[in-house]
Protein chains: 2
Amino acid sequence: MKQLLIASTSTIHGSGYLDYLLDDLNVFFKNCQTILFIPYARPGGISHDAYTQKAQEAFQKINKNVIGIHEFESAADAINQAEGIFTGGGNTFVLLSQLYKNNCIEALKNAIHSGTPYLGTSAGSNICGLTINTTNDMPIVYPPSFKALAFVPFNINPHYLDPIPNTKHMGETRETRIKEFHAYNTFPVIGLREGSWLEVKGKTITLKGTLEARIFEYEKEPYEIKSDTTLQHLK
Amino acid sequence: MKQLLIASTSTIHGSGYLDYLLDDLNVFFKNCQTILFIPYARPGGISHDAYTQKAQEAFQKINKNVIGIHEFESAADAINQAEGIFTGGGNTFVLLSQLYKNNCIEALKNAIHSGTPYLGTSAGSNICGLTINTTNDMPIVYPPSFKALAFVPFNINPHYLDPIPNTKHMGETRETRIKEFHAYNTFPVIGLREGSWLEVKGKTITLKGTLEARIFEYEKEPYEIKSDTTLQHLK
């Protein structure tokens, strides 16, 4: 049975890395002693080692070990053998490029469909959608494709941000950007606010956390859904 | 002699489309009766016709005609024959994809290097850099390459935004994103604030408008430059 926890962000304002999720992660990874960490997204350009250490420090609080995928000779083998997987945030283009380069795409699909629990935050959540067409990240590298892992039948927009009232900045709002996406694509987009996550258990997809999420469907007005709403009907 | 006006934005807060630039555009396009408009970036997903009409209304104020590139059978021929060219903002990925698809890349390079005056705003400015790796736009379509027109020897980040003080949002600041860019690329990036533009005359590139711009060079601390600073030494 597929088991995923797809979070908008690793960190909410005023608390430490993964802190707000640790109670849930303790349950989610209950059968895992060691978590395979995928640090490819390199937030701020930090090294794989430094990023893995950050994940280790968080998971130590719930007595889990963390090992970086870059420490293995074969990334695909590391995924095949993992008890549980965590892909951290950073740059989605860098992350997806590395996943293609290191032959991780099929390995991740096989592992997750076989039931290996998967945690994603931010960029690590973006890649759980159909494509990375709705990432907020800067396209600092050119990946071989925008196609992602398709663990959910829609796209994700993490760090979803409501329009800022009275701003003088003329850049597009997030809603305008997703509207532009729907000029070229028809699948739904889930705007996940910081502090929200999707829980996937087999075929059931449920919004978790205290906040509402914003749903963008092709040729429909965007709308809000409450926590505990299920989403597997979207397509 | 190359002549470009590469603007951060089409519109500054509280004024109409292109209004803040019209006096300069009257001089810049003094030898042009008709401007070829490239509406491919389709802001908010609007049609080529609707977008071209918006540009027409602005240029009517300085007694110039505007014709949309989509009204020609051959986009490349339209560029070859143009007296002046304006590429409007919107989505940089959509814009660049259409330029490749319609064989406009070489045509634009030839025209601009032959002296056809070119105005770009936002996405239309992004493509004047070496690549579109530093666009702020959502990657709603997959272009055949991120390589752009290279009219200036660096990249442009339009709508440059300073970090917002006391924000609780955990998404990356613009400066963090450009820092990540420099983990994978070595060429400079010019953060152009809304209301600033670059004036290119032959080999000379000058910052214009009243604001400072922020310069990001590989392995250097970012720094500010004042209006009227020249930039052709950057590489």
Side-chain angles (χ1 to χ4, degrees), chain A residues 8-14 41-47 89-94 97 122 131-147 157-162 164 166-185 189 193-195, chain B residues 8-14 41-47 89-94 97 122 131-147 157-162 164 166-185 189 193-195:
Chain A
S8 174
T9 184
S10 61
T11 313
I12 56 174
H13 183 75
R42 298 182 57 195
I46 64 168
S47 71
N91 188 286
T92 305
F93 296 88
V94 174
S97 297
S122 191
T131 71
I132 65 160
N133 287 113
T134 52
T135 175
N136 311 306
D137 295 339
M138 196 172 259
I140 59 177
V141 299
Y142 184 69
S145 167
F146 284 172
K147 280 192 188 150
N157 179 253
H159 301 281
Y160 183 76
L161 198 58
D162 293 293
I164 297 164
N166 307 318
T167 181
K168 293 182 178 172
H169 189 71
M170 303 301 287
E172 297 88 347
T173 64
R174 195 68 59 80
E175 185 156 324
T176 301
R177 293 165 189 270
I178 297 172
K179 187 176 164 193
E180 291 179 0
F181 167 82
H182 275 145
Y184 300 92
N185 304 273
V189 181
R193 295 185 176 91
E194 293 178 347
Chain B
S8 174
T9 184
S10 62
T11 312
I12 56 173
H13 183 75
R42 297 181 59 193
I46 64 168
S47 71
N91 188 287
T92 306
F93 297 89
V94 174
S97 297
S122 191
T131 71
I132 65 159
N133 287 113
T134 52
T135 175
N136 310 307
D137 294 340
M138 196 171 259
I140 58 177
V141 300
Y142 183 70
S145 167
F146 283 172
K147 279 192 189 150
N157 180 250
H159 300 282
Y160 182 76
L161 197 59
D162 293 292
I164 298 164
N166 307 317
T167 180
K168 292 182 177 173
H169 189 71
M170 303 301 287
E172 296 88 349
T173 64
R174 195 67 59 80
E175 183 155 326
T176 301
R177 292 166 189 269
I178 297 172
K179 188 176 163 192
E180 290 179 1
F181 166 83
H182 275 145
Y184 300 92
N185 304 274
V189 181
R193 296 185 176 91
E194 292 177 348

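The figures that follow rest on heavy atoms only: side chains count, while hydrogens, waters and symmetry mates do not. Lettering follows sequence order; numbering is per chain, from 1.
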Tell me which pairs pass salt bridge (charged side-chain N to carboxylate O under 4.0 Å, His left out) where either residue lies in residues 176-185 of chain A, with sequence neighbours left out. A:Glu172-A:Arg177
Under a 4.5 Å cutoff for heavy-atom pairs, which residue among B:Ala183, B:Pro143, B:Gly44 has the most contacts with chain A? B:Gly44
Taking every heavy-atom pair that is under 4.5 Å apart, which of B:Ser10, B:Gly45, B:Pro139 has the most such pairs with chain A? B:Pro139
Can you measure from [atom1] ([X]) to [atom2] ([Y]) and round to the nearest 0.5 angstrom?
| X | Y | atom1 | atom2 | value |
| --- | --- | --- | --- | --- |
| A:Ile140 | B:Thr131 | CD1 | OG1 | 11.0 Å |
| A:Phe146 | B:Phe93 | CZ | CZ | 5.5 Å |
| B:Ile132 | A:Met138 | CD1 | CE | 11.0 Å |

If you count heavy-atom pairs under 4.5 Å with chain B, which of A:Thr176, A:Val94, A:Ile46 comes out on top? A:Val94
Checking [X] against chain B: side chain, backbone, both or neither under 4.5 Å from a heavy atom?
| X | value |
| --- | --- |
| A:Phe181 | both |
| A:Asn157 | side chain |
| A:Arg42 | both |

Chain A contact via B:Asn136 - which portion, at a heavy-atom distance below 4.5 Å: both
Non-hydrogen atoms of chain A under 4.5 Å away: do they reach the side chain of B:Ser145, the backbone, both or neither? backbone
Sub-6.0 Å ring centroid separation between A:Tyr184 and B:Tyr142: no
Atom of B:Val141, atom of A:Asn133 and distance for their closest heavy-atom approach: N-ND2, 3.7 Å
